[in-house]
Amino acid sequence: MSNVLVISTSLRSRSNSEVLTERLAAGARDAGHQVEQISLKGKELKYCIGCLACQKTQRCVQKDDAIWIAKKVLNADTLVFSTPIYYYEMSGQMKTLLDRMNPLYSADYRFRRVYMLSVAAEDEAHTPEKAVSGLEGWGDCFEKAKLCGSLFVGGLNEPGEAAENAVALEKAYQFGKNLK
């Protein structure tokens, strides 16, 4: 089995994406994976300034929580990003984190498989398309990695509503259980 890093990007207290992320992680653990979870809640993430110093040093010049998160990403076999959908796109904090993973581009990273869990109030099939496309584009920059799957759970609006939705909880659990 593999070393799975699950990154929850919601900053909302009792968020639906965080509730479903917990179920996804439980499914992955039950499948035999070693799972570590990171929440961006309370973390300091500065924006990438585009200096590209990291391409030579494999370290960012900025000092914040993205540095230790990048080390965790570097050593994971499988990555799972969990995001609420805002305006039909991934959360801003998720995009900021992805940008800050630039030092890994020239590194000997372990991750090969990338997955996404997205959650929204909207429930149309097209709702997560731009978010998935954005993560896929990030993954395309890492030749050895591939976006292997995504789960979208729509129709959840109120904080914590997912905790009462047996269908959504089971979907998240099964998605985690089926990670490679």
Side-chain angles (χ1 to χ4, degrees), residues 1-10 17-18 20-21 23-29 31-40 43 45-62 64-85 88-119 127-153 171-172 174-180:
M1 292 296 144
S2 64
N3 174 16
V4 177
L5 179 64
V6 179
I7 301 175
S8 175
T9 69
S10 177
S17 59
E18 197 162 74
L20 295 178
T21 299
R23 289 302 300 150
L24 182 152
R29 282 187 193 95
H33 297 290
Q34 180 179 336
V35 179
E36 181 174 0
Q37 291 176 254
I38 295 174
S39 172
L40 295 188
K43 305 297 185 290
L45 295 177
K46 298 176 184 174
Y47 297 113
C48 176
I49 59 173
C51 68
L52 298 180
C54 62
Q55 294 305 289
K56 294 178 181 139
T57 65
Q58 292 181 348
R59 277 185 237 133
C60 185
V61 298
Q62 301 197 77
D64 64 5
D65 291 315
I67 293 171
W68 68 265
I69 294 172
K71 288 179 186 173
K72 299 281 188 183
V73 169
L74 176 75
N75 294 309
D77 299 314
T78 301
L79 303 174
V80 180
F81 293 94
S82 169
T83 185
I85 298 293
Y88 297 92
E89 185 53 276
M90 69 179 73
S91 67
Q93 52 276 15
M94 180 171 161
K95 176 63 170 114
T96 297
L97 179 66
L98 293 177
D99 289 347
R100 291 294 305 287
M101 295 298 103
N102 205 32
L104 303 179
Y105 180 73
S106 59
D108 187 22
Y109 55 88
R110 282 182 53 186
F111 61 91
R112 300 295 184 265
R113 294 166 303 280
V114 179
Y115 295 88
M116 175 186 266
L117 165 65
S118 59
V119 181
T127 300
E129 288 176 0
K130 292 175 185 168
V132 171
S133 177
L135 183 57
E136 189 172 39
W138 178 82
D140 287 348
C141 294
F142 293 90
E143 291 179 0
K144 299 181 279 186
K146 177 184 176 191
L147 181 63
C148 295
S150 67
L151 171 65
F152 169 65
V153 181
K171 282 182 182 179
Q174 290 302 322
F175 188 71
K177 199 166 184 179
N178 292 310
L179 296 177
K180 301 291 181 205

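Shortest non-hydrogen contact noted between Cys48 and Gln62 is CA-NE2, 4.0 Å.
In this structure the side chain of Val80 never reaches within 4.5 angstrom of the side chain of Met116, judged on heavy atoms. Residues Ser8 and Ile38 are not in side-chain contact: their nearest non-hydrogen atoms beyond the backbone lie 4.5 Å or more apart. Between Lys171 and Leu151 there is a side-chain heavy-atom pair separated by less than 4.5 Å.
Arg110 is linked by a salt bridge (charged side-chain N to carboxylate O under 4.0 Å, His left out) to Asp77, counting only residues two or more places apart in sequence or in another chain. Partners of Ser133 under the side chain to side chain contact (heavy atoms under 4.5 Å, CB included) rule, at least two apart in sequence or in another chain, do not exist in this structure. Judged as a side chain to side chain donor-acceptor pair (under 3.5 Å), and not counting sequence neighbours, Arg59 has no contacts. A search for ring pair (Phe, Tyr, Trp, His ring centres under 6.0 Å) contacts involving Phe152 returns nothing, not counting sequence neighbours. Remark: Lys95 pairs with Asp99 by the salt bridge (charged side-chain N to carboxylate O under 4.0 Å, His left out) rule, at least two apart or across chains. With sequence neighbours left out, Tyr88 forms a ring pair (Phe, Tyr, Trp, His ring centres under 6.0 Å) with His126. Applying the side chain to side chain donor-acceptor pair (under 3.5 Å) rule to Thr9 yields the partners Thr83, Ser91; only residues at least two apart in sequence or on another chain are considered. Listed by chain and number, the residues in a side chain to side chain contact (heavy atoms under 4.5 Å, CB included) with Ala28 are His33, Val35, Leu179 (sequence neighbours excluded). Tyr47 pairs by the side chain to side chain contact (heavy atoms under 4.5 Å, CB included) definition with Thr96, not counting sequence neighbours. Applying the side chain to side chain donor-acceptor pair (under 3.5 Å) rule to Gln174 yields the partners Glu170; only residues at least two apart in sequence or on another chain are considered.
In this structure, Tyr115 contributes its side chain and Phe175 its backbone to no donor-acceptor pair below 3.5 Å.
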Handout entry: Chi angles and distances behind the side chain to side chain contact (heavy atoms under 4.5 Å, CB included) call for Thr21, Gln37
Key = CA-CA 9 Å; Thr21 299; Gln37 291 176 254; 4.1 Å; yes
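Checked for salt-bridge contact, Arg100 and Asp64 meet the test: a charged N lies under 4.0 Å from a carboxylate O.
Taking SG of Cys148 as the reference point, atom CZ of Arg112 lies at 11.5 Å (rounded to 0.5 Å).
Residues in residues 127-151 take part in these salt bridge (Lys or Arg N to Asp or Glu O under 4.0 Å) pairs, two or more places apart or across chains: Asp108-Lys144. Among residue pairs with one or both ends in residues 66-76, those qualifying as salt bridge (Lys or Arg N to Asp or Glu O under 4.0 Å) are Glu36-Lys72; sequence neighbours excluded.
Under the 6.0 Å cut-off for aromatic ring centres, Phe81 and Trp138 qualify, their centroids lying closer than that.
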